[in-house]
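I have placed the structure first, in the form of structure tokens, so that the comments after it can refer back to it.
The figures here come from the full heavy-atom set of this structure, side chains too, leaving out hydrogens, waters and symmetry mates.
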Amino acid sequence: MRDRTLCVKRPEVSHEGFVSLATPTYRASTIVFDSAEAYADRSKRGPDGYTYGLHGTPTSRTLEASITALEQGLRTVLVPSGQAAITVVFLSVLMPGDTVLIPDSAYPPVAGFCENYLKPRGISYRVYDPMIGGKIADIIDDSVKLIWTESPGSTTMEVQDIPAIVEVAKARRVLTGCDNTWATPLYFKPLAHDMDFSSMALTKYVGGHSDLLMGSIAVKDIALHKKLKDTMRMIGMGVSPDDCALALRGMETMGVRLAHSGRVARDFAERMQSRLPQGLVLHPALSGAAGHEFFRRDFGGSSGVFSVVIPPHAEGALSDLLTAAKTFSIGASWGGTHSLLAPMTITRAADPTAHAGTILRINVGLEDENDLWMDLEPIVEVISAPRRRERLPEQHHQLDQ
């Protein structure tokens, strides 16, 4: 071979005796076949075969298999984000004339996708109270083909009665799915509760370092896996092997990160609850939280995300307090090593007055918990100020006036 060919063609190198603890990153667009016949028959390789880089490499297959094992499923697909995981499920199983039910506590872009994309194409949606439980039977008609859940709910942290919803759905032959990003399969396994789809934003705890975007959908039915793969193939959806390698690396420490962040977050939530009016601290592990009994029954632990409702008297001070934080950063997303504060405004379809105003979402990372509390304590002080004034007789008299 001439020099320019040698620049392109690689010599065979033996892998004998080489075993790495790290998963290799296989980058590929083109997959090479041994023969023209093998290329012509590539469609016969099935969903687990290699045909084109967009549809998977050994790196992505390793991540899929790892998630499948954690989810106690049969197959997993990888998509570019957590939101993509939800939309791919919807696109795979819903047709014009069908209806999907979504909880009022779901990640807000879910309702946006239903309203702005599905609805104009003849697919309906209805929003339900996340605490509806088995009474969801009352809103299921023949058009309902999918019930979506998110437990705990995005920002407001309601825990749904998943077994009750699944029991009703199975009786009516309706598919069910869950956004399980908050708990991850380490603390809750939707497929083990007989749900059909379990999705995650791998961007969060699996990636763990705020440097990748990816989502996953796990199933225990091979026919549903085929529907997902067919949908992804038709719209040209795939993920980067480099991002898969980052996710695999992040997964190795997810257990210890989740345990630490969950412990510190729960401690912070309990401290806040002891100093603030009832109902302002939103954490499913707290007594009195919406769905706390379901959390205790179904979950193996809690992660590092919870919320605090900011009452009207503290709204004006919040911006300066967040800006002054030394350890927390201000930003969206969560589940990484860096702790985050995100002021959120929530609009509820079922009850527009619920959770009016600002809700501060708190993501606990891996920094020293004493440094983190120094950022949170001034916020707690501002929120609890009226409560302290009420204890002083002269100020109590002034308030009465």
Side-chain angles (χ1 to χ4, degrees), residues 46-48 55 64 67-68 71-104 106-107 109-128 130 132 136-137 139-151 160 162-163 165-181 189-202 214-239:
D48 297 322
H55 310 309
E64 289 171 358
I67 294 171
T68 298
E71 295 271 23
Q72 295 182 359
L74 183 65
R75 290 288 192 284
T76 295
V77 299
L78 303 173
V79 293
S81 69
Q83 172 69 356
I86 298 168
T87 59
V88 166
V89 171
F90 288 16
L91 292 173
S92 298
V93 300
L94 298 172
M95 298 293 289
D98 292 344
T99 298
V100 57
L101 304 181
I102 62 172
D104 208 6
Y107 179 53
V110 177
F113 175 73
C114 292
E115 176 67 23
N116 301 312
Y117 189 89
L118 295 183
K119 186 176 176 181
R121 289 159 177 81
I123 299 173
S124 301
Y125 75 101
R126 291 201 293 274
V127 178
Y128 67 89
I132 197 170
I136 201 166
I139 61 172
I140 296 176
D141 58 29
D142 291 341
S143 72
V144 174
K145 296 299 187 292
L146 174 67
I147 300 172
W148 192 251
T149 65
E150 181 176 328
S151 187
Q160 298 187 247
I162 296 296
I165 292 173
V166 169
E167 182 180 3
V168 170
K170 293 297 180 185
R172 300 290 291 270
R173 296 184 178 180
V174 174
L175 295 169
T176 56
C178 181
D179 182 340
N180 192 41
T181 304
K189 299 183 189 297
L191 300 184
H193 288 267
D194 218 17
M195 300 204 92
D196 298 293
F197 300 98
S198 177
S199 79
M200 279 192 293
L202 305 184
M214 196 182 299
S216 66
I217 311 160
V219 296
K220 55 184 178 181
D221 183 288
I222 198 66
L224 291 179
H225 178 254
K226 185 178 186 305
K227 286 186 176 183
L228 295 172
K229 292 290 286 186
D230 287 347
T231 299
M232 293 168 59
R233 187 179 300 273
M234 285 184 287
I235 60 179
M237 183 178 287
V239 296

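Between Trp148 and the options Phe113, Phe90, Tyr128, Phe197, a ring-ring contact (aromatic ring centres under 6.0 Å, His included) holds for only Phe90.
The minimum heavy-atom distance linking His225 with Thr76 is given by the pair NE2-O, 4.2 Å. Closest of all the heavy-atom pairs between Leu74 and Ile222 is CD2-N, 3.8 Å. Scanning both residues, Gly73 and Leu191, for their nearest heavy atoms gives CA-CD1, 3.6 Å. Taking all atoms of both residues into account, the shortest heavy-atom contact from Ser216 to Leu202 is OG-CD2, 3.5 Å. Looking at every heavy atom in both residues, Ser151 comes nearest to Ile162 through CB-CD1, 4.4 Å.
Residues Lys145 and Val93 form no side-chain contact, since every pair of their non-hydrogen atoms from C-beta on lies 4.5 Å or further apart. Within the 4.5 Å cutoff, the side chain of Met200 has heavy atoms near those of the Glu71 side chain. Annotation: side chain of Ile140 is in contact with side chain of Leu101 (closest heavy-atom distance under 4.5 Å). Annotation: side chain of Asp196 is not in contact with side chain of Val166 (no heavy-atom distance under 4.5 Å). Contact check for Met237 versus Thr231: no side-chain heavy atoms found under the 4.5 Å cut-off. Side-chain contact between Arg126 and Asp141: present, with at least one pair of heavy atoms (C-beta onward) separated by less than 4.5 Å. Under the 4.5 Å side-chain criterion, counting only non-hydrogen atoms from C-beta, Leu78 is in contact with Ile67. The side-chain heavy atoms of Ile132 and Ile139, taken from C-beta on, include a pair separated by under 4.5 Å.
Taking CG from Leu91 and CG from Leu118, the interatomic distance works out to 6.5 Å, rounded to the nearest 0.5 Å. In this structure, the separation between CD1 on Ile147 and CZ on Arg172 is 9.0 Å, given to the nearest 0.5 Å. Residue Ser143 holds its OG atom at 10.0 Å from CG of Leu94, rounded to the nearest 0.5 Å. Expressed to the nearest 0.5 Å, how far OG of Ser199 lies from CG of Asn180 amounts to 8.0 Å. Here the straight-line distance linking atom NZ of Lys226 with atom CZ of Arg233 works out to 9.0 Å at 0.5 Å rounding.
Panel note: side chain Gln72, backbone Lys189; no donor-acceptor pair is recorded below 3.5 Å. One N or O on the side chain of Arg121 and one on the backbone of Tyr117 form a donor-acceptor pair closer than 3.5 Å. Although no hydrogens or angles enter the test, the distance criterion places a donor-acceptor pair under 3.5 Å between the side chain of Thr181 and the main chain of Ala201. Checking side-chain atoms of Thr176 against main-chain N and O of Met195 turns up no donor-acceptor pair under 3.5 Å. Glu150 places a side-chain N or O within 3.5 Å of a backbone atom of Tyr107 that can act as its donor or acceptor partner.
No side-chain donor from either of Thr149 and Gln160 sits under 3.5 Å from a side-chain acceptor of the other.
Every pair passing salt bridge (charged side-chain N to carboxylate O under 4.0 Å, His left out) that includes a residue from residues 109-120 is listed here, sequence neighbours excluded: Glu115-Lys119.
Within a 6.0 Å sphere centred on CG of Asn116, heavy atoms belonging to other residues, nucleotides or ligands number more than 12.
With sequence neighbours excluded, no residue satisfies ring pair (Phe, Tyr, Trp, His ring centres under 6.0 Å) with Tyr125.
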Start with the C-alpha distance between Val88 and Val77, add both sets of side-chain angles, then the distance that settles side-chain contact (heavy atoms from CB on, under 4.5 Å), and finish with yes or no. CA-CA 10 Å; Val88 166; Val77 299; 5.5 Å; no
